Each structure stands twice: as C-alpha cells, then as structure tokens.
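First the structure, in the form of structure tokens, and then the observations on it.
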Amino acid sequence: MKKIKGFIFDLDGVLTDTAHYHFLAWKRLSEQWGFTFSEHDNERLKGVDRIKSLEIILEINSKQNEFSAKEILRLANQKNEHYQQLIEMITPQDVLEGVSDFLLKSRSAEIRCAVASASKNAMRVLELLNLSNQFDFIADASAIKHPKPHPEIFLTCAQQLKLLPCECVGFEDAQAGIKSIHAAGMYSVGINVYVTSEKPMIELSSTKELNLEMIINAIEMG
Ligand code: BG6
Ligand code: MG
C-alpha cells in the first residue's frame, strides 16, 4: 500500500492569493509601457518565472523582438518593485481559508511539509503570513535552474524532506505546476486549476475543500 509522508505546496494561489498581486503588478507595468494585458492572459503566467512571464506579455503584444535582454531585465525589475510594494500589505489574515488548519492537521499526522514556489519573494511572503515555521523546507527559487513545468523544484523539496517522490503529494493552482508535480512522479492536488492539458489527480475548487483524510484516502486506496 502507498504511504504518503510529505506535502509540497506551491505558494502563490495555494497558500495565499498573491496570484492577484502578481496580476496587479504586471497590469501596472503594462499600463506604463502601453501593453495589453488581461486577467485571462494572466492565467498563462501562473507558476511561470518572472522573465518568462514578461516574455509572454511581450509575445501577446507582438513586441518580443523590440526589447534587448538588458531592457527585459529592467522591465522585470520594475514589475518586481510594484509587486514588492503590494505584498507589504499582506498579513496573517491573508492565509487562504482552510490552509492553516490543514497544515496543523498534516503536521500532527507527522507529514513533512515544504514550499515549492517559483517566486524569489516567497520567503518574505511566508514571513508576512507568519507561516515560515510551519514548513520543514522552503525552496529557494533563485537556486533552481529549471523552472516549472520541469520537476526540479518538487524533486529538490522531496530530497530535502528525505522522501521519495512517490511518498509526496504536490499542491498547485497552475497548469505548469501540475505538470511539474507529475514529471517529478508525485501525486497532485489542484486548487482551482485552469486546465489546458494535464488534469490534477485530485481537483478542488478552493482551499476550503482541503481535507487531510479525503486526500490520504483517495491516494492510498486509489
Ligand atoms: C510564481 C507565480 O509563484 O512565481 C508567478 O505563480 C510568478 O506568477 C513567479 O511570476 C515568480 O515570482 P517572483 O516573485 O520571483 O517574481
Ligand atoms: Mg501558484
């Protein structure tokens, strides 16, 4: 029988709604530079790193050949400045409903927990949410060479938790993240994922539906 020993969580859109702050920061940058950028476009950026996200926005606007690598870096830094201003408003009240209770129950059941976020701001966000001490390992996005959908970040977390991938469940709100979890050989729980190719193994419409017994049973008996 399968035995689940580790939970690996994405941050943005799973533990808190920073996905919206990322959208607002990209929107502000787009307004400054005259780019079109909608909430629908934003779905393509979820789970995608900063530079790749900007490249997608430029591509949507057919401007991918108009900016040098140096200018792309400058624009990405501008977006990050907007984002960093926005996240300072985060408080522990911004932990998504159901998450704190789920983490407490998981830890009491001796499930090891980690964070696999592509965000270089993850540490600060977790600190503002007062969640940092709930995890046995928090991946450093700047040390990850291959962004999601590559499995590197989830595999790094499993290794740091001293677990096999098949003993871990990954939690994600983004299609790129679900692919990353599957490529790592882990079980997946999707939170309101906009599915374009790979479906999560367990689909939830919000974090309010997180239920330890249900997830463990579905995987271990499945
Ligand atoms: C991911 C978000 O978690 O982090 C993406 O889903 C974001 O939208 C990426 O682009 C990188 O974040 P940051 O904070 O390093 O720009
Ligand atoms: Mg996410």
Side-chain angles (χ1 to χ4, degrees), residues 7-30 35 37-60 72-90 94-96 99 114-129 131 135 138-154 156-157 169-182 188-196 198 200 203-207 210:
F7 283 168
I8 305 176
F9 299 87
D10 174 45
L11 168 68
D12 296 322
V14 170
L15 302 178
T16 187
D17 191 20
T18 30
H20 187 61
Y21 288 140
H22 280 293
F23 167 70
L24 292 178
W26 284 123
K27 181 87 188 141
R28 189 161 160 211
L29 184 86
S30 298
F35 305 149
F37 181 62
S38 66
E39 284 213 57
H40 178 72
D41 298 329
N42 192 52
E43 286 301 325
R44 289 179 62 191
L45 310 190
K46 287 188 181 173
V48 174
D49 72 28
R50 201 181 304 159
I51 297 289
K52 179 75 187 140
S53 297
L54 178 56
E55 285 167 357
I56 293 173
I57 296 175
L58 293 178
E59 185 198 302
I60 290 169
I72 287 190
L73 209 59
R74 200 175 119 225
L75 263 65
N77 285 339
Q78 281 179 4
K79 180 267 174 176
N80 195 44
E81 281 167 20
H82 300 328
Y83 183 68
Q84 286 181 332
Q85 271 177 17
L86 288 164
I87 60 173
E88 286 309 308
M89 293 189 282
I90 292 176
D94 294 308
V95 176
L96 284 172
V99 166
V115 176
S117 171
S119 173
K120 297 189 175 78
N121 296 293
M123 288 289 185
R124 179 67 186 142
V125 172
L126 288 167
E127 204 176 273
L128 289 160
L129 293 170
L131 278 187
F135 297 98
I138 299 167
D140 172 5
S142 53
I144 300 293
K145 288 193 194 75
H146 308 286
K148 299 173 190 175
H150 192 282
E152 183 183 353
I153 193 161
F154 281 95
T156 302
C157 287
V169 183
F171 296 76
E172 265 287 351
D173 70 319
Q175 180 68 90
I178 295 294
K179 286 186 175 178
S180 173
I181 296 170
H182 292 168
S188 63
V189 174
I191 316 277
N192 196 24
V193 179
Y194 180 71
V195 178
T196 53
E198 277 177 46
E203 287 186 273
L204 306 180
S205 56
S206 96
T207 51
L210 283 169

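Keep in mind the model is a prediction, meaning the values are calculated, not measured. We count ligands from 1, going down the list as the structure has it; atoms in each ligand are counted the same way.
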Task: Total protein N, O or S atoms, the Mg ion (ligand 2), separation less than 2.8 Å - done: 3

- [ ] Indicate yes or no: does K120 engage D49 in a salt bridge with an N to O separation below 4.0 Å.
- [x] no

Task: Under 3.5 Å side-chain donor-acceptor pair for H150 and K145 - done: no

Task: Atoms of ligand 1, numbered as shown, that sit under 4.0 Å from any heavy atom of L45 - done: 5 (C), 8 (O)

Open item on the list: For the backbone of H146 and the side chain of E152, can you confirm whether one donor and one acceptor N or O come within less than 3.5 Å of each other?
Closed with: yes

Open item on the list: Would you say the rings of Y21 and Y83 are close, in the sense that their centroids are separated by under 6.0 Å?
Closed with: no

Task: Heteroatom distance test (S119, ligand 1): nitrogen or oxygen, under 3.5 angstrom - done: yes

Task: For atom 1 (C) of ligand 1, closest protein heavy-atom neighbour - done: D12 OD2, 3.3 Å

- [ ] Look only at the side chain of K27 and the backbone of F37, and say whether a donor-acceptor pair between them is shorter than 3.5 Å.
- [x] yes

Open item on the list: Can you check which of A176, S117, S142, G47 brings a heavy atom nearest to atom 6 (O) of ligand 1?
Closed with: G47

Task: Residue part near ligand 1, for L11, under 4.0 Å between non-hydrogen atoms - done: neither

TODO: Determine the interplanar angle of the F171 and F9 rings, folded into 0 to 90°, and report it as parallel if under 30°, tilted if 30 to 60°, perpendicular if over 60°.
DONE: parallel

Task: For atom 15 (O) of ligand 1, the protein heavy atom that lies nearest, with its residue and separation - done: K120 N, 2.7 Å

Task: Heteroatom proximity flag, W26 to ligand 1, N/O under 3.5 Å - done: no

Open item on the list: Check this for me - ligand 1, N121, N or O atoms closer than 3.5 angstrom, yes or no?
Closed with: yes

TODO: Mind checking whether K46 contacts ligand 1 via backbone (N, CA, C, O), side chain (CB onward), both or neither, at a 4.0 Å heavy-atom cut-off?
DONE: backbone

Task: Close N or O approach (R50, ligand 1; < 3.5 Å) - done: yes

Open item on the list: Return the closest protein heavy atom for atom 7 (C) of ligand 1 as residue, atom name and distance.
Closed with: V48 O, 3.3 Å

